[in-house]
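Everything below concerns the one structure shown next.
Remember, it's 1-based here, ligands and their atoms both numbered in the order they're listed. Positions are given from 1 along the sequence.
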Amino acid sequence: MEPKRYGITILGSLLLFFCMAATCYGIVLFSSLSRTLEVTASFKQGQVLKAGVDKITVTWGLNQSLAAGTDSAYKTIKVKLCYSPVSQVDRAWRKTVDNLAKDKTCQFKIVSRPYDKWNQTFEWKVERDVPSGTYFIRAYAYNSDDIEVAYGQTTDAKKTTNLFDVQAITGRHASLDIASVCFSAFAVLSLLGFFIAEKRRAKLSEQK
Ligand SMILES: *[C@@H]1O[C@H](CO)[C@@H](O)[C@H](O)[C@H]1NC(C)=O
Ligand SMILES: *[C@@H]1O[C@H](CO)[C@@H](O)[C@H](O)[C@H]1NC(C)=O
């Protein structure tokens, strides 16, 4: 084999190896996590919260009836807002996938905190970019390698009870529309400028 080719083959193998190592290492299945955290929040079943206005208080902690040491590997907690099944229907971009790297259930971060075995609370204002829908709250416990090791959530395993609704901001569309109109106008003008420049150049080369 020529040296150059040989080099490329080695490089290719190395790349393949790292890619494989990365994916193997990265796969964490939700079904493999144990539910050891208790998560509650200050909403009533079916309550409607206004995005950008209303606040909820989230409380999380270790289920106190579990054996001591259950949480020995827990380093951080990330609390997230998650779509309930009714808000996932026909929306592939919100789909639940067991492989957590591909899971789209919990797309909104509420807070991230170092783990503490005692209850922690956080007051969260529903962010302005949260779309209308039905939600629950889930907390993941991560180990020191930043890998999910346990979870807890405000709803049951089937995600059908104890849910709340978010009503998206109205008036947000107006500003979005204005932005997109400006952007389109800019695009059309640039295109026009490009054509004029091109025509001029064609004319100039004809005259030569
Ligand atoms: C908070 O702690 C108490 C016991 O101290 C427990 O009964 C309660 O369930 C905990 N709440 C949460 C949300 O973990
Ligand atoms: C806490 O753990 C016990 C024992 O595993 C379990 O029976 C109970 O349902 C758990 N509590 C919550 C709120 O998850």
Completion exercise
the protein heavy atom lying closest to atom 14 (O) of ligand 2 turns out to be Asn63 ND2, 3.7 Å

Exercise for the section: Starting from atom 5 (O) of ligand 2, locate the nearest protein heavy atom and write down its residue, its atom name and how far away it is, to 0.1 Å. Expected result: Leu66 CD2, 3.8 Å

Problem - Sub-4.0 Å protein heavy atom next to atom 2 (O) of ligand 2 - result: yes

Practice task
Examine distances only and state if a side-chain atom of Asp98 and a backbone atom of Leu29 form a donor-acceptor pair shorter than 3.5 Å.
Solution key: no

Exercise for the section: Over 60° means perpendicular and under 30° means parallel, so classify the ring planes of Phe164 and Phe43, tilted if in between. Expected result: tilted

Exercise for the section: For Glu38, take its heavy atoms, then give the atoms of ligand 2 lying under 4.0 Å from any of them. Expected result: 11 (N), 12 (C), 13 (C)

Exercise for the section: Return the orientation label for the Phe30 and Tyr140 ring planes: parallel under 30°, perpendicular over 60°, tilted otherwise. Expected result: perpendicular

Exercise for the section: Only pairs at least two apart or in different chains count here, so list each salt bridge (Lys or Arg N to Asp or Glu O under 4.0 Å) that has a residue in residues 74-94. Expected result: Lys78-Asp146

Handout entry: Ser65-ligand 2 polar pair, N/O distance under 3.5 Å
Key = yes

Practice task
Assess the pair Tyr83 and Tyr135: is the distance between their ring centroids shorter than 6.0 Å?
Solution key: yes

Exercise for the section: Would you verify that at least one protein heavy atom lies under 4.0 Å from atom 9 (O) of ligand 2, or report that none does? Expected result: no

